[in-house]
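To keep things clear, I will list the structure first and then write my remarks on it.
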There are 2 protein chains.
Amino acid sequence: MDAPSGTPQRILDIAERLVQTCGYNGFSYADIAAELKVTKASLHYHFPGKADLGASLIERYEHHFLAALAGIDEREKDARGKLRRYAAIYGEVLRDGRMCLCGMLAAEYATLPEAMRTRLRHYFDENERWLAGVLKLGRKDGTLRSSGTPRETARTLVGSLEGAMMLARSYGDPSRYRAASARILAELGA
Amino acid sequence: MDAPSGTPQRILDIAERLVQTCGYNGFSYADIAAELKVTKASLHYHFPGKADLGASLIERYEHHFLAALAGIDEREKDARGKLRRYAAIYGEVLRDGRMCLCGMLAAEYATLPEAMRTRLRHYFDENERWLAGVLKLGRKDGTLRSSGTPRETARTLVGSLEGAMMLARSYGDPSRYRAASARILAELGA
DNA sequence: GTCTATAGGTGGATAGAC
DNA sequence: GTCTATCCACCTATAGAC
């Protein structure tokens with residue numbers, strides 16, 4: 001609680017935004033250094049290699065995301081409400097021309113170091129796991145309907161929302177995401 | 001009809017695969033040169049700058065794609081059949097760790113030259129247009145159902161399939177795409 | 001922890017010979 | 001059309017002073 005945000009956190013903040021907009025292969029240490037007003041060498045002290053920085057980015061992003069999902073579980077008990085809040089989180093991500101960090105990295109998957117690939121799949125697995133729980137809950141109390149297993153439906157849902165974000169951003173129009181997510185959720189009864 | 005494929009076409013073939021796997025920012029003239037066994041300078045003769053190459057890639061990809069859609073319209077008169085064939089085209093794209101060329105580029109949108117951005121949006125617009133026609137047809141003859149306008153549903157559909165491809169590829173599992181697309185199409189009655 | 005300086009490599013791109 | 005040779009900017013990364 002001493003520093004509101006240490007240097008490593010500020011580095012991650014900038015790198016996160018850069019990856020969300022330009023991709024992992026689309027930014028450099030020089031970009032971060034310029035914005036943070038330090039030298040590139042300083043960055044290497046905190047994150048020895050770009051792969052370390054990338055892996056830390058995913059870990060922190062997932063950590064924040066899971067915290068947000070825990071927040072939903074605390075405040076929202078209705079399965080439909082949970083789904084709508086989940087979709088809304090990704091809607092907020094779209095601000096400033098950003099895209100979901102992990103959706104971006106998924107596109108660059110083939111060029112990522114293994115440490116990042118593993119963490120990336122873990123992120124999506126956790127999305128799937130949480131959504132499957134919500135879908136199961138909604139099926140039990142009759143508020144949500146889906147044709148396949150909760151697991152498969154969750155998997156499809158994650159992909160659909162990631163794709164909706166990607167296209168919405170290409171048109172510079174977040175409302176495209178909102179329209180798409182509303183339609184997708186409507187199919188499930190939410 | 002003289003040469004089965006001239007040098008420019010072979011360059012595009014290699015570049016297309018590279019973009020589909022590694023992205024526009026993830027490949028270089030050197031990669032193409034090595035595979036085609038020519039020098040980088042030769043490539044610049046056919047495509048002066050990387051932006052020219054990128055724009056040509058999208059144009060050719062869209063041309064091939066629209067030809068495939070025309071082929072569907074010729075052989076398949078049933079709206080549900082058209083939709084299934086459309087989804088199948090993207091399923092075939094997934095071979096060899098590839099992703100839809102334009103889905104890849106959409107992720108890198110912020111870093112693309114304007115000439116590529118314009119063509120990219122055009123590709124998605126054409127997808128949307130064709131799909132909206134199919135959805136309208138299916139609605140008229142009662143074979144397909146959707147809650148929103150054909151246009152909006154088409155838009156959502158394109159994004160969902162692109163997202164499904166991206167995630168399937170991250171898991172190296174094309175069956176993820178097939179499962180997701182089957183579920184998505186089922187919601188529409190196909 | 002941050003700096004200067006620099007290494008070693010690769011990026012896209014060009015000039016000019018053949 | 002393809003080559004050799006070369007340019008310059010940029011990349012990730014390291015050594016060592018402060």
What residues 17-25 of chain A contributes to the DNA chain D interface at heavy-atom separation below 4.0 Å is none
Check ion pair B:Arg151-B:Glu128 (N to O, under 4.0 angstrom) | yes
Under 4.0 Å between a side-chain nitrogen and a carboxylate oxygen: does that hold for A:Glu152 and A:Arg155?
no
Let me know the distance between [atom1] of [X] and [atom2] of [N], rounded to the nearest Å.
X	N	atom1	atom2	result
A:Ile11	C:dT2	CD1	C1'	11 Å
B:Ile32	C:dG12	CD1	P	9 Å
B:Leu43	C:dT14	CG	P	14 Å
B:Leu36	D:dC3	CG	C1'	14 Å

Residue pairs meeting ring-ring contact (aromatic ring centres under 6.0 Å, His included), one or both in residues 130-165 of chain B, sequence neighbours left out, come to B:Tyr86-B:Trp130
In B/S/- notation (B base, S sugar-phosphate only, - none; protein heavy atoms under 4.0 Å), nucleotides 13-18 of chain D written 5' to 3' is BBB---
Margin query: Quick check on D:dC3: is either OP1 or OP2 less than 4.0 Å from any side-chain nitrogen or oxygen of B:Ser42?
Written below: yes
Discussion item. When you measure from the side-chain N and O atoms of A:Tyr45 to the phosphate of C:dG1, is any distance below 4.0 Å, counting only OP1 and OP2?
Written reply: yes
Can you say whether the rings of A:Tyr61 and A:Phe65 are parallel (under 30°), tilted (30 to 60°) or perpendicular (over 60°)? parallel
Ranking C:dC3, D:dC11, C:dG1 by distance to the side chain of A:His46, first place goes to C:dG1
Margin query: Quick check with a 6.0 Å cut-off and a 45 degree axis cone: is B:Arg169 positioned over the face of A:Tyr109's six-membered ring?
Written below: no
Does B:Thr39 reach a base, just sugar-phosphate, or nothing at all? Heavy atoms under 4.0 Å.
base
The reported gap from NE2 in A:His46 to CZ in A:Arg10 (rounded to nearest 0.5 angstrom) is 8.5 Å
> So if you build clusters from Ile, Leu, Val, Met, Phe, Trp, Tyr with side-chain heavy-atom gaps below 4.5 Å, do A:Tyr171 and B:Leu112 land together?
Replying inline: yes
For this session: Give a yes or no on whether A:Ile14 and A:Tyr45 share a hydrophobic cluster (residues Ile, Leu, Val, Met, Phe, Trp, Tyr; joining criterion: side-chain heavy atoms under 4.5 Å apart).
Result: no
Smallest heavy-atom separation, A:Lys50 atom then A:Tyr29 atom, equals N-OH, 3.4 Å
